[in-house]
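Sequence lines set the chain letters: A, B, ... in the order given, protein chains first and strands last, and positions in each chain run from 1.
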Number of protein chains: 2
Amino acid sequence: MKNKIKAIRKKLGITQEQLAKECGVVRQTINCIENDKYDPTLVLAFKLSKTLKVKVDELFIYE
Amino acid sequence: MKNKIKAIRKKLGITQEQLAKECGVVRQTINCIENDKYDPTLVLAFKLSKTLKVKVDELFIYE
DNA sequence: TAATTATGTCCAAAACATTTGACATAGGTG
DNA sequence: CACCTATGTCAAATGTTTTGGACATAATTA
């Protein structure tokens, strides 16, 4: 499952570390998700969505 | 994390078994998610969303 | 250049999601 | 009532996500 996290995070000018802290996870988690190592849990997807100010349906690309 | 799966599934007149099959999981998985035993993975959330014809952001209630 | 910050990666363990198989109960229909 | 379908639940096994600690490299800045 692809996502737009890295692009949107950079547009907002924040680091993986800052995004991680906002979402209550560690930096490696953000890094793995941005690089498609695995998908976030649903709760984390919503936290990312909220922090990055886009809807879950926009942030992730299904299919 | 709450969700509207049971309500929408009933409105569509389908069983847990049918929804499960559509989404490629077993009946117990749908049952557990409807009864808030655990949250689905992000991929399953998108499959449920697609089958139930509502957006992920509408199907699940975060906060 | 040297120092600092940001990112990518690895591993093992912990936490969480899903399956399989089974049994119990609730609701409707003959 | 007896039958059948749908739903709820449980425990053990398996698969996936997240953590914590560590190290390497890339990019930025003094």
Side-chain angles (χ1 to χ4, degrees):
Chain A
M1 181 137 184
K2 292 273 187 298
N3 68 74
K4 304 176 183 168
I5 296 173
K6 188 179 292 191
I8 298 177
R9 173 177 63 76
K10 286 188 172 171
K11 199 180 296 179
L12 294 182
I14 64 177
T15 67
Q16 290 184 345
E17 180 70 43
Q18 292 172 318
L19 179 55
K21 191 160 288 182
E22 282 288 332
C23 295
V25 294
V26 301
R27 184 180 64 80
Q28 292 94 319
T29 300
I30 301 298
N31 188 72
C32 285
I33 295 166
E34 285 192 350
N35 293 297
D36 296 315
K37 298 288 166 41
Y38 51 71
D39 293 325
T41 57
L42 186 57
V43 168
L44 180 49
F46 270 91
K47 287 177 180 170
L48 288 164
S49 159
K50 184 176 183 181
T51 302
L52 297 176
K53 303 185 198 321
V54 289
K55 295 224 167 289
V56 170
D57 290 278
E58 299 170 36
L59 190 53
F60 297 89
I61 299 118
Y62 176 63
E63 282 166 328
Chain B
M1 181 137 187
K2 291 275 187 299
N3 68 74
K4 304 176 182 167
I5 296 174
K6 188 180 294 193
I8 297 177
R9 173 177 64 76
K10 286 188 171 171
K11 200 179 296 179
L12 294 181
I14 65 176
T15 67
Q16 290 184 346
E17 180 71 43
Q18 292 171 318
L19 179 55
K21 191 161 285 179
E22 283 287 333
C23 295
V25 293
V26 301
R27 184 182 63 80
Q28 291 92 321
T29 301
I30 301 298
N31 187 73
C32 285
I33 295 167
E34 285 191 349
N35 293 296
D36 296 315
K37 298 290 165 43
Y38 50 72
D39 294 324
T41 56
L42 186 57
V43 168
L44 180 51
F46 270 92
K47 288 177 180 170
L48 288 164
S49 160
K50 183 177 184 181
T51 302
L52 297 175
K53 303 185 200 318
V54 290
K55 297 225 166 287
V56 170
D57 290 278
E58 298 171 36
L59 191 52
F60 297 89
I61 298 117
Y62 176 64
E63 281 166 331

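- One finds no side-chain N or O of A:Lys10 lying less than 4.0 angstrom from the OP1 or OP2 phosphate oxygen of D:dA27.
- Of all nucleotides listed (D:dT7, D:dA22, D:dG8), D:dT7 comes nearest to the side chain of B:Arg9.
- The side chain of A:Asn31 has C:dT9 as its nearest neighbour among D:dG8, C:dT9, D:dG20.
- For B:Arg27, whose side chain is taken as the heavy atoms from C-beta onward, the closest listed nucleotide among D:dC10, C:dG8, D:dG8 is D:dG8.
- Picking from C:dC23, C:dT9, C:dT18 the nucleotide with the shortest atom distance to the side chain of B:Thr29 gives C:dT18.
- For NZ of A:Lys47, the number of neighbouring non-hydrogen atoms (other residues, nucleotides, ligands) closer than 6.0 Å is greater than 12.
- B:Leu12 places none of its side-chain heavy atoms less than 4.5 Å from the side chain of B:Thr51.
- Side-chain atoms of B:Asn3 never come within 3.5 Å of backbone atoms of B:Leu59 as a donor-acceptor pair (strictly under, hydrogens ignored).
- Distances shown here put every side-chain N or O of B:Lys47 at or beyond 4.0 Å from the OP1 or OP2 atom of C:dT18.
- Considering only side-chain N and O atoms, B:Lys37 lies under 4.0 angstrom from the phosphate OP1 or OP2 of D:dT9.
- Taking every side-chain heavy atom of B:Pro40 into account, C:dT18 is the closest of C:dT18, D:dA6, D:dT17.
- Residue contacts for B:Val25: at a heavy-atom cut-off of 4.0 Å it reaches the sugar-phosphate backbone alone, with no base atom in range.
- Closest to the side chain of A:Ile33, from the set D:dG21, D:dT18, C:dT19, is D:dT18.
- Within 6.0 Å of the NZ atom in A:Lys6, the count of heavy atoms belonging to other residues, nucleotides or ligands exceeds 12.
- Atom CD of B:Gln28 is separated from atom P of D:dT7 by 12 Å (rounded to the nearest Å).
- One interatomic measurement links the two molecules: CG of B:Leu19 to C1' of D:dA6, which rounds to 14 Å at whole-angstrom precision.
- Distances shorter than 4.0 Å separate some side-chain N or O of B:Gln16 from OP1 or OP2 on D:dG8.
- A:Thr41 has no side-chain polar atom (N or O) that falls below the 4.0 Å cut-off from OP1 or OP2 of C:dA17.
- For the helix from C:dT1-D:dA30 to C:dG30-D:dC1, the angle separating the two terminal helix axes comes to 40°, with each axis derived from five pairs and the value rounded to 10°.
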